[in-house]
Number of protein chains: 2
Amino acid sequence: MTKIAKPPKRQIILEEAAKLFKDKGYGGTSMRDIAGQVGMEAASMYNHIKSKDEILDSICFRISDVYIAHLQEVEQLPLTFGEKVRALIRLHIQLMVEDGPAVSVANHDWKYLPNARLTEFTTARRQYEKGFAALIAAGIAAGEFQTVNPTVALFTILSAVRWVELWFQPGRSLSAQELEDHIITMLLKGLEQR
Amino acid sequence: MTKIAKPPKRQIILEEAAKLFKDKGYGGTSMRDIAGQVGMEAASMYNHIKSKDEILDSICFRISDVYIAHLQEVEQLPLTFGEKVRALIRLHIQLMVEDGPAVSVANHDWKYLPNARLTEFTTARRQYEKGFAALIAAGIAAGEFQTVNPTVALFTILSAVRWVELWFQPGRSLSAQELEDHIITMLLKGLEQR
DNA sequence: TATTTTTACTAACAAATGTTAGTTAGAGAA
DNA sequence: TTCTCTAACTAACATTTGTTAGTAAAAATA
């Protein structure tokens, strides 16, 4: 008999918590809410997690680790800067589509991390932003991009992909692939006719 | 003696509440937090407001009313579609810069509105989005814009301006005017060299 | 002036919060 | 079997929550 290892309880708790945090916010979600979704009493969850804070911590840093890894990978590929930026945009959208609730939590609820970890998180994020902005600046220097303010370009891009979570429902008129293509067109070619 | 009418207490409460909601979220902000910022006991605020819900309601609908009014105004101006879209983007950024905390609350905490008002709010927002998307679609039909998916274009734009709150600090290297110009360039011309 | 209204206060409320203590049923190892 | 560990439970805890009642000072109105 082949065993299908079902995910350990801890992971189920983290997943359900992410969904609830996304919908109701960290402060708006109680341990009893999460427990109800998992099918367990609130107190029982403490056999699997240390605290509510730790749930948030786990979700946020798992996502931020993925982002950092993505960036480092893309930086080392032999691509033009345009291609590198495209690759990063695609990774953002893919992660959002595959791991929506967790990404959403990492984007919105990170600020409720306890103090020490909060600075660690913002440091990681700034590092990511710095690396991404450097790619844009290099692309400008290489003549691939227009001479825009790299910071503005960076945040326009990050913002545009970040909000996919709000209005993308899988299986609706647009596929994830088409969504990617359209967003990339919009960001790299612009709205106006050339 | 000239009297400088200082704002009534209700308005002060709404402003301080908006700042706190922005920083700590609706659920994360207690009535006592707000009262502390205003310089008053929590119970005393009930002479000026009806409930915590009503504070959120006031903030959210004041902002959504402004957006709707903006749109209707721009729709009736004799401008090209490109100019209309530019005008709306500018209005978004200006409102964000002038009324940051309230805009932020209307963007993030609207989901905590009590049920009846929540549907009213989302209806208003959908109406705004529909009108904005129609301008984009008309611009495409008129040959002013590239043939992009209007919905994707709309949300890319809304997202890009929405996140100004996160990283724009007045008096930093970029002025509000420059910020506007750069974002509009990015969205209408695109990042890549033509 | 006298009277009414506004606005602040303290005290208290019931409900909800995150979390701990103590217990018990079941699974795996000895 | 016997022992140990895991993971669930119920009960309870100290706080914190939004809000109301009752009251007193101050301001506005007559």
Side-chain angles (χ1 to χ4, degrees), chain A residues 1 3-60 105 109-118, chain B residues 1 3-60 105 109-118:
Chain A
M1 138 177 160
K3 256 194 220 158
I4 295 181
K6 57 179 171 179
K9 279 283 155 63
R10 178 169 217 279
Q11 199 175 319
I12 297 177
I13 292 171
L14 294 180
E15 280 166 20
E16 295 302 325
K19 286 188 219 164
L20 287 170
F21 290 169
K22 174 181 174 176
D23 287 349
K24 321 205 297 166
Y26 180 70
T29 303
S30 73
M31 293 301 281
R32 287 165 180 82
D33 289 338
I34 303 171
Q37 215 59 32
V38 173
M40 196 184 264
E41 290 302 313
S44 308
M45 292 196 298
Y46 286 80
N47 287 314
H48 305 280
I49 52 105
K50 287 216 314 248
S51 68
K52 193 188 179 190
D53 282 344
E54 194 231 359
I55 295 180
L56 181 63
D57 192 284
S58 261
I59 297 172
C60 289
V105 170
D109 295 327
W110 55 269
K111 54 182 156 181
Y112 307 119
L113 285 168
N115 244 311
R117 294 291 275 169
L118 190 149
Chain B
M1 139 179 157
K3 256 194 218 158
I4 296 179
K6 57 179 174 180
K9 278 283 157 62
R10 178 169 218 279
Q11 199 174 319
I12 298 178
I13 292 172
L14 294 179
E15 280 166 19
E16 295 302 325
K19 286 189 219 164
L20 287 170
F21 291 169
K22 175 183 173 176
D23 287 348
K24 322 204 301 167
Y26 180 70
T29 303
S30 73
M31 293 301 281
R32 287 163 180 83
D33 289 338
I34 302 171
Q37 214 60 31
V38 173
M40 195 185 264
E41 290 302 313
S44 308
M45 291 195 299
Y46 285 79
N47 288 315
H48 306 281
I49 51 108
K50 287 215 316 246
S51 68
K52 193 188 179 190
D53 281 345
E54 194 231 0
I55 295 179
L56 181 64
D57 192 284
S58 261
I59 297 171
C60 289
V105 170
D109 294 328
W110 56 270
K111 54 183 157 181
Y112 307 120
L113 285 168
N115 244 311
R117 294 291 276 169
L118 191 149

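All values derive from a computational prediction rather than experimental measurement. Note on naming: letters A, B, ... go to the chains in the order of the sequence lines (proteins, then strands), and numbering restarts at 1 for each one.
To the nearest angstrom, C1' of C/dT19 lies 14 Å from CD of A/E54. For the pair A/M45 CE and D/dT10 C1', the interatomic distance rounds to 16 Å; values are reported in whole Å. In this entry the distance linking CD of A/Q11 with C1' of D/dA7 reads 18 Å, nearest Å. In this structure, A/R10 atom CZ and D/dA7 atom C1' are separated by 15 Å, rounded to whole Å. Distance CD1 (A/I55) to C1' (C/dT19): 12 Å, rounded to an integer number of Å.
Taking the side chain as every heavy atom from C-beta outward, A/D33 and A/E16 never approach each other to under 4.5 Å. Residues A/P8 and A/I12 are not in side-chain contact: their nearest non-hydrogen atoms beyond the backbone lie 4.5 Å or more apart. Side-chain atoms of A/K52 and A/S30, non-hydrogen and from C-beta on, never get closer than 4.5 Å to each other. Under the 4.5 Å side-chain criterion, counting only non-hydrogen atoms from C-beta, A/L113 is not in contact with A/D53.
B/Y112 places a side-chain N or O within 3.5 Å of a backbone atom of A/K24 that can act as its donor or acceptor partner.
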Report, one pair per line, the protein and nucleotides 6-8 of chain C atoms (nitrogen or oxygen only) whose separation is under 3.5 Å.
unit_1: C/dA8; atom_1: OP1; unit_2: B/K9; atom_2: NZ; d: 2.8
unit_1: C/dA8; atom_1: OP2; unit_2: B/H48; atom_2: NE2; d: 2.3
unit_1: C/dA8; atom_1: N7; unit_2: B/N47; atom_2: ND2; d: 2.6

What pairs of nitrogen or oxygen atoms, one from the protein and one from nucleotides 18-24 of chain D, lie under 3.5 Å apart?
unit_1: D/dG18; atom_1: OP1; unit_2: B/T29; atom_2: O; d: 3.3
unit_1: D/dG18; atom_1: OP1; unit_2: B/K52; atom_2: NZ; d: 2.8
unit_1: D/dG18; atom_1: OP2; unit_2: B/M31; atom_2: N; d: 2.8
unit_1: D/dG18; atom_1: N7; unit_2: B/R32; atom_2: NH1; d: 2.8
unit_1: D/dG18; atom_1: O6; unit_2: B/R32; atom_2: NH2; d: 3.0
unit_1: D/dT19; atom_1: OP2; unit_2: B/Y46; atom_2: OH; d: 2.5
unit_1: D/dT19; atom_1: OP2; unit_2: B/K52; atom_2: N; d: 2.8
unit_1: D/dT19; atom_1: O5'; unit_2: B/Y46; atom_2: OH; d: 3.2
unit_1: D/dT19; atom_1: O4; unit_2: B/R32; atom_2: NH2; d: 3.4

* Kindly determine whether B/M31 and B/I55 satisfy side chain to side chain contact (heavy atoms under 4.5 Å, CB included), including the steps that lead there. => CA-CA 10 Å; B/M31 293 301 281; B/I55 295 179; 4.3 Å; yes
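Ring planes of A/Y26 and A/F21: perpendicular class, angle over 60° (limits at 30 and 60°).
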Can you list, pair by pair, the side-chain donor-acceptor contacts under 3.5 Å of residues 34-49 of chain A, counting residues two or more places apart and other chains?
unit_1: A/N47; atom_1: ND2; unit_2: A/S44; atom_2: O; d: 3.4

